[in-house]
Protein chains: 2
Amino acid sequence: MSLDKRKVKILKAIIASYIDNAEAVGSRTISKKYELGVSPATIRNEMSDLEEMGFLTQPHTSSGRIPTDKAYRYYVDELWTKALGAQDKNMRQIIRIVDEEANELDSILRNSVRILSQFTKYTSFIVAPQLKKAVIKRIQLVPVDENKILLVIVMQNNIVKQVMLKLNKPIPFDQIDRISATLSKKLSGYMLEDINAQLKESLIQELYHIRENAGDSLFELVNFLSTNLGKFEDLNVYSDGITNILNLPEYNDLDKAREFISFVEDKDSVAKLFQTENENDMTVSIGHENSYKELSDCSLITATYKFNGKIIGKIGVIGPTRMDYQKVISAVKSMSEAMNEIIDQNFTEQDNNKE
Amino acid sequence: MSLDKRKVKILKAIIASYIDNAEAVGSRTISKKYELGVSPATIRNEMSDLEEMGFLTQPHTSSGRIPTDKAYRYYVDELWTKALGAQDKNMRQIIRIVDEEANELDSILRNSVRILSQFTKYTSFIVAPQLKKAVIKRIQLVPVDENKILLVIVMQNNIVKQVMLKLNKPIPFDQIDRISATLSKKLSGYMLEDINAQLKESLIQELYHIRENAGDSLFELVNFLSTNLGKFEDLNVYSDGITNILNLPEYNDLDKAREFISFVEDKDSVAKLFQTENENDMTVSIGHENSYKELSDCSLITATYKFNGKIIGKIGVIGPTRMDYQKVISAVKSMSEAMNEIIDQNFTEQDNNKE
DNA sequence: ATTAGCACTCAATCGAAGAGAGTGCTAACA
DNA sequence: TGTTAGCACTCTCTTCGATTGAGTGCTAAT
């Protein structure tokens, strides 16, 4: 049995209808709504074939058919190039809002994930860049209090991270800028995770020159740098629109809804989910293709975002397998590209001056 | 008809039972479970009286009674001092986690609201301090890029706020520390919302002394300060545990759940809700006492948190009117006090040195 | 190869019957 | 006079059979 032209037409019609209504599709519906020029009986025969081929199932013997994961897979593979080409105008327009309000990475990501979920009406995620892989450009200490100090780290990619340090001994305020300068000089070029014992030693040496009697607090400071900077927020996941699923008929069952919510609210499992996805620009995992059984009724659409040509994070949308793939794929693609642009604009070195 | 001792006992028993089970309470249940030494018939008579007095209602003629808002109000007023006295041991223990991980205000608030919701099993909120009322202590500019600069503002209360500035003209890097010092000197002591045209003028004057040809970017910088600092995040609301309500029998109805969720997910209305609450240390609004009709089946318990004796923000829990008031009130109280301590420890000036 | 016709299937809906929890009232009792 | 046993009554909730209706599969005709 082969998937001839008419079968394809019927299959697509069934998928389209099911995506729309979430209701099993009968032969009459297809013959009426979609002009195929054949009677319901013929369609019934074809549907029976399609079921045998694994593209359709029946919830029960006397009901219409619903598409299987295999059907969605076929459907997505078919529309793939088309969906990728389709730039969503509305989406692009909305994304501009992010751009205008953008300044810190945090707010860019927060806004982006919100827009993605509002636009697709599904639960959306953004995995933030792993900071520990970022390269240090400059370090500035800002005195806050007698023994509290704000450590501002500017990365090579212009992302800024700040940590409040509480030290047991007071820091010599009058030398703070010199200390900052020394830290910058010694640490720029290193990744956060690179700061090891060796580097620490030479740093201590250098800092002693500035002020000998402040050794204690400086030592504490450097200690903090070497022990804590490497493990900065390994998996920071932004999510939005989790409660959107309550609007979907497939989650009218409260238990199902609860199960879904407790899965996606757990940032660890979501982070793992995105980690297991390979590094393709875009992926679509349908139903049982997902590694987590909790998502066997869901599809996951992911994309990456980059900086300087390197993938620094991922975005994704999770919805029911019965989702508007065309729309969601192009939305995720648009968002991914928009984020690339925005991050480029906001974090690219404008000039090569190293002071 | 007066609320004699036995009526009170019965009323409390009914409330306790209803809080437990969410099911209308019958006379037999009361007479069995709670030792009152009287027959169901007697209790029926008393219940009838209590209904007449407005403390109970019947969902339908042949069902048990459920407490009215008035009953909860009476109940809460009765246990008020007791609940306030009860420090929850578990709660205090959990709160320590916040304390240990505390450094930035943001993470303190985020952790606190999470703990509050996990502990009470209800939706919890924290309204962040209004930054525009905070007094500036120090300003530090951190160069990031040719024409991008991080503005770090340390407040008198040691809260730190940073904004990334994108300027059209490059900033003179070599004078950045002098500019920072000047900004600090001129602006410290003012509130963010105080920075007006007058102050702006004198600031510009002073900065020109540093570097005349950099006037454009300095002007831009000062302009930004005066126009944007005053309107910093007027109503930053943290929330957690919104989906907890899906576990409550009263929200088995998906439409009700959706209505609730869409209300509490709207930070604006939540912020307004907390604004309308007066400045008492603790408030309890039961059912229709709430200003929003969306919350007429809910109770809101709020408390404040302070810094230097001044209220700087609010916390609150929203649950069904049938909530364990005793537990929630003491949890909110404990959290409020814990936050006071934590904020005190983290943000109090350790020393009076002004450099 | 297509299609009209028809018997068949099965979930969903509807309604009547019955169960059960609870009340209000009355009359008896301490 | 307050309390209580007894009983009829009310009303929701559950159960279960009947009905409906959408949809199928098969057969025979075109």
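Order of the sequence lines fixes the chain letters, A, B, ..., with proteins taken first and strands second; residue numbering starts at 1 for each chain.
- Separating the CG atom of A/Asp49 from the C1' atom of D/dG25 is a distance of 13 Å, rounded to the nearest angstrom.
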**OP:** Go along nucleotides 12-20 of chain D 5' to 3' and tag each nucleotide: B for a protein heavy atom under 4.0 Å from its base, S when only backbone or sugar atoms are that close, - otherwise.
**Re:** S--------

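- Counting only residues at least two apart or in different chains, salt bridge (charged side-chain N to carboxylate O under 4.0 Å, His left out) contacts with residues 319-330 of chain A comprise A/Glu250-A/Arg322.
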Just the table, please: protein N/O against nucleotides 4-6 of chain D N/O, every pair under 3.5 Å.
unit_1, atom_1, unit_2, atom_2, d
D/dT4, OP2, B/Ser39, N, 2.9
D/dT4, OP2, B/Ser39, OG, 3.4
D/dT4, OP2, B/Thr42, OG1, 2.3
D/dT4, O5', B/Ser39, OG, 3.4
D/dG6, O6, B/Arg44, NH2, 3.3

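- A donor-acceptor pair under 3.5 Å is formed between the side chain of A/Asn290 and the backbone N or O of A/Gly287.
- Formation of a donor-acceptor pair under 3.5 Å by the A/Asp240 side chain with backbone atoms of A/Ile115 is not found in this model.
- Rounded to whole angstrom, the span from the CG atom of B/Leu56 across to the P atom of C/dG22 amounts to 14 Å.
- Proximity of residues 17-27 of chain B to DNA chain D (heavy atom under 4.0 angstrom from any strand atom) is not detected for any residue.
- In this structure B/Arg28 satisfies the side chain to side chain contact (heavy atoms under 4.5 Å, CB included) test together with B/Lys32, B/Pro40, sequence neighbours excluded.
- Applying the side chain to side chain contact (heavy atoms under 4.5 Å, CB included) rule to B/Asn21 yields the partners B/Ser17, B/Glu23, B/Lys33; only residues at least two apart in sequence or on another chain are considered.
- Side-chain nitrogen and oxygen atoms of A/Thr61 include at least one within less than 4.0 Å of the OP1 or OP2 phosphate oxygen of C/dC10.
- Judged as a salt bridge (charged side-chain N to carboxylate O under 4.0 Å, His left out), the pairs with a partner in residues 49-60 of chain A (not counting sequence neighbours) are, in order, A/Lys7-A/Asp49, A/Glu51-A/Arg65.
- Between B/Ile30 atom CD1 and C/dA21 atom P the separation is 16 Å, expressed in whole Å.
- When B/Ile301, B/Val76, B/Leu300 are each tested for a side chain to side chain contact (heavy atoms under 4.5 Å, CB included) with B/Ile286, only one passes: B/Val76.
- At least one donor-acceptor pair under 3.5 Å links the side chain of B/Ser334 to the backbone N or O of B/Ser330.
- With sequence neighbours excluded, the residues that form a side chain to side chain donor-acceptor pair (under 3.5 Å) with B/Tyr238 are B/Asp106.
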Which atom pairs, donor and acceptor, lie under 3.5 Å between side-chain atoms of residues 118-127 of chain A and protein residues at least two apart or in another chain?
unit_1, atom_1, unit_2, atom_2, d
A/Thr120, OG1, A/Leu116, O, 2.8
A/Thr120, OG1, A/Tyr122, N, 3.2
A/Thr123, OG1, A/Gly241, O, 3.3
A/Ser124, OG, A/Ser117, N, 3.2
A/Ser124, OG, A/Tyr122, O, 3.4

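- Rounding to whole angstrom units, CD1 of residue B/Ile10 and P of C/dG22 are separated by 16 Å.
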Pairs under 3.5 angstrom only: tabulate donor-acceptor contacts from the side chains of residues 53-60 of chain B to other protein residues two or more places apart or in another chain.
unit_1, atom_1, unit_2, atom_2, d
B/Gln58, NE2, B/Thr61, O, 3.0
B/Gln58, NE2, B/Ser63, O, 3.1

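- Here A/Leu79 contributes atom CG and A/Ile15 contributes atom CD1; the two are 9.0 Å apart, rounded to the nearest 0.5 Å.
- Atom CZ of B/Arg28 is separated from atom C1' of D/dC7 by 15 Å (rounded to the nearest Å).
- Atom CE in B/Met47 sits roughly 9 Å away from atom C1' in C/dG22 (whole-Å rounding).
- At whole-Å resolution of the value, CD in A/Glu46 and P in C/dT2 are 7 Å apart.
- An angle of 20°, rounded to 10°, separates the two end axes of the helix from C/dA1-D/dT30 to C/dA30-D/dT1, each defined over five pairs.
- Counting only residues at least two apart or on different chains, the salt bridge (charged side-chain N to carboxylate O under 4.0 Å, His left out) pairs with a member in residues 255-264 of chain A are A/Asp255-A/Arg258, A/Lys256-A/Asp297.
- The pair A/Asp69-A/Arg73 fails the salt-bridge criterion, with no side-chain N (NZ, NE, NH1 or NH2) lying under 4.0 Å from an Asp/Glu carboxylate O.
- Residue A/Arg65 places none of its side-chain N or O atoms closer than 4.0 Å to OP1 or OP2 of D/dG23.
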